[in-house]
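We count ligands from 1, going down the list as the structure has it; atoms in each ligand are counted the same way.
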Amino acid sequence: MAAPRILSGIKPTGRPHLGNYFGMMRPGIEWQERGEAFYFIADYHALTTVHDPAALREYTRSVALDFLACGLDPKKAVLFRQSDVPEVTELAWLLTCLTPMPMLENCHAYKDHVAKGKVPSHGLFAYPVLMAADILLYNSNVVPVGRDQKQHVEVTRDLAEKANRVFGEVFTVPEASIVAEVATVVGLDGQKMSKSYNNTIGLFEEEKVLRKKVMSIVTDSAPVEAPKDPANSAIVALYRLCAEPDAVALMEDQFRAGGIGYGDFKKRLFEALWDRFAPFRAKRAELSADPATLDAILEDGARRARAVALPTMDRVRKAFGLK
Ligand code: TYM
């Protein structure tokens, strides 16, 4: 069987956090050994919320730096900016014409927005169609994502199947790849870690900020001596992501036994997180001191991405009757 085409994206709406890393970046870095991996910084998608050009540029670069620092190898994987291949917006329009409104009305990002009483932009409503265009433009087989993106990959599959029925076999039908243990990484308040909930831990926080954030993790009010439930603790959930299995087992036993306060467990979590990202921090410092190298990586990525996207668009335009 030919090597699979793997593709995923991350929105530059802020600095990447532990949910992004464990849910998508780390699995993506593992996938780069097993097929042709394409990862992009979804700056068109970020425009649904970021309306500050300087911030958008800075977040875009910092997402790229974080990904590279964590182990994305630009010789193996293609790293590019979504907007460097603007044909994706053309494909999004073609797919829009096949998308039933109720399908988008059912998507959770839009529903959550409306439930909060906010007025969604057309961009937010059509967001899953642009995402489908991202995936289909590169003939992707596998899409590594966290659980919150599963519904969007299903929309993509539906649209690809529909286009294939109407216009002949024009698209590859992709599949989501979700790593069960990290499908939903919890944040400081125990809900899903998300920039929009303001409960994130960034991958490269300053030491003081990281310590402060970890110490602010929400717990119940159990006193030091009381036994505690490791199953419902954000401290243990985050510790599992960054500590060795025997250290995790020890923390779980000590939770159950009682006699240690949450503050001590939080200090242990801080140490584990700090150590876990130490080698990446050094690499990030090196990369950020050399902006020309990052520019060259993104340019090379754009070139390699276009080499796949342009023939796809030719095929699609013909199939849809535009040529
Ligand atoms: P974004 O930028 O919100 O998140 C990037 C990736 O991180 C995952 N993730 C999480 N995983 C586990 N636990 C969490 N708490 C957590 N928070 C975020 C997300 O599931 C995602 O995989 N729409 C996408 C970007 C995108 C895309 C695409 C992805 C645009 N086009 C095409 C795949 C294919 C998004 O907003 O991700």
- Message: Measuring from non-hydrogen atoms of Ser194 to any atom of ligand 1, is the shortest distance under 4.0 Å?
- Response: no
- Charged N to carboxylate O below 4.0 Å: is that the case for Glu154 and Lys150? yes
- Message: How far is atom 32 (C) of ligand 1 from the closest protein heavy atom, and which atom is that?
- Response: Met131 CG, 3.5 Å
- Item | Result of checking Thr60, Thr89, Asp134 against Gln82 for side-chain hydrogen bond (donor to acceptor under 3.5 Å, both in side chains) | Asp134
- Is there any N or O on His152 that sits under 3.5 Å from an N or O of ligand 1? no
- Can you pull out the closest protein heavy atom to atom 23 (N) of ligand 1? Residue, atom name and distance to 0.1 Å, please. Tyr127 OH, 2.8 Å
- Note on the structure: atom 37 (O) of ligand 1: closest protein heavy atom, distance to 0.1 Å, is Gln149 NE2, 3.7 Å
- Message: Geometry only, no angles: is Asn20 polar-contacting ligand 1 at N/O separations under 3.5 Å?
- Response: yes
- Without swapping roles, check the side chain of Gln151 against the backbone of His108 for a donor-acceptor pair under 3.5 Å. yes
- Pull out every atom of ligand 1 sitting under 4.0 Å from any heavy atom of Gly23, numbered as shown with elements. 11 (N), 12 (C)
- Task: Hey, can you tell me if Tyr127 and His152 have their rings parallel, tilted or perpendicular (30° and 60° cut-offs)?
- Result: tilted
- Task: Starting from atom 12 (C) of ligand 1, find the nearest protein heavy-atom neighbour and note its residue, name and distance.
- Result: Ala183 O, 3.2 Å
- Phe22 and ligand 1 - part of the residue with a heavy-atom distance under 4.0 Å: neither
- Query: Are Val145 and Ile41 co-members of a hydrophobic cluster defined by side-chain heavy atoms under 4.5 Å apart?
  - Reply: no
- Task: Return the set of residues passing side chain to side chain contact (heavy atoms under 4.5 Å, CB included) with Arg276 (not counting sequence neighbours), or none when no residue passes.
- Result: Tyr21, Phe22, Arg26, Cys242, Phe280
- Among all protein heavy atoms, pick the one closest to atom 20 (O) of ligand 1 and tell me residue, atom and distance. Asp148 OD1, 2.4 Å
- Message: Suppose I only count heavy atoms of Val143 and a 4.0 Å limit; which atoms of ligand 1 are within that range?
- Response: 33 (C), 34 (C)
- Message: Any heavy atom of His17 closer to ligand 1 than 4.0 angstrom?
- Response: yes
- Who's the nearest protein heavy-atom neighbour of atom 6 (C) of ligand 1, and how far? Met24 CB, 3.6 Å
- Task: Any atoms of ligand 1 less than 4.0 Å from a non-hydrogen atom of Val182? List them with their elements.
- Result: 12 (C)
- Message: If the threshold is 4.0 Å, N to carboxylate O, is there a salt bridge linking Arg304 and Glu36?
- Response: no
- Query: What is the closest protein heavy atom to atom 13 (N) of ligand 1, and at what distance does it sit?
  - Reply: Val185 N, 2.8 Å
- Honestly, for Ile135 the part within reach of ligand 1 (heavy atoms, under 4.0 Å) is side chain
- Within the structure, does Lys195 bring an N/O atom to less than 3.5 angstrom of an N/O atom in ligand 1? no
- Query: Can you check ring-ring contact (aromatic ring centres under 6.0 Å, His included) on Tyr239 and Phe255, steps first, answer last?
  - Reply: CA-CA 13 Å; Tyr239 196 62; Phe255 254 68; 9.5 Å; no
- atom 1 (P) of ligand 1: closest protein heavy atom, distance to 0.1 Å, is Lys11 N, 4.1 Å
- Message: Whether Lys75 and Asp300 form a salt bridge (side-chain N of Lys/Arg under 4.0 Å from carboxylate O of Asp/Glu) is what I want to check.
- Response: no
- salt bridge (charged side-chain N to carboxylate O under 4.0 Å, His left out) filter on Glu30, not counting sequence neighbours, yields none
- Short N or O distance, Gly146 and ligand 1, threshold 3.5 Å exclusive: yes
- Item | Parallel, tilted or perpendicular, as decided by the 30° and 60° cut-offs, for the rings of Phe320 and Phe167 | parallel
- Query: Any ion pair linking Asp220 and Lys228 (charged N to carboxylate O, less than 4.0 Å)?
  - Reply: no
- Task: Mark up the atoms of ligand 1 that fall under 4.0 Å of a heavy atom belonging to Val145, in ascending order.
- Result: 22 (O), 33 (C)
- Message: Taking distance alone, with N or O pairs closer than 3.5 Å, would you say Met193 contacts ligand 1?
- Response: yes
- Item | Whether Phe125 and Tyr110 hold their rings parallel, tilted or perpendicular, with breakpoints at 30° and 60° | perpendicular
- Message: Tell me whether Glu207 is salt-bridged to Arg211, with the criterion being a basic N under 4.0 Å from an acidic carboxylate O.
- Response: yes
- Message: Below 3.5 Å, N or O to N or O, backbone or side chain included: is there any such pair between Gly19 and ligand 1?
- Response: yes
- Message: Please list, in number order, the atoms of ligand 1 under 4.0 Å from a heavy atom of His45.
- Response: 30 (C), 31 (N)
- ligand 1 N/O within reach of Lys192 N/O, cut-off under 3.5 Å: no
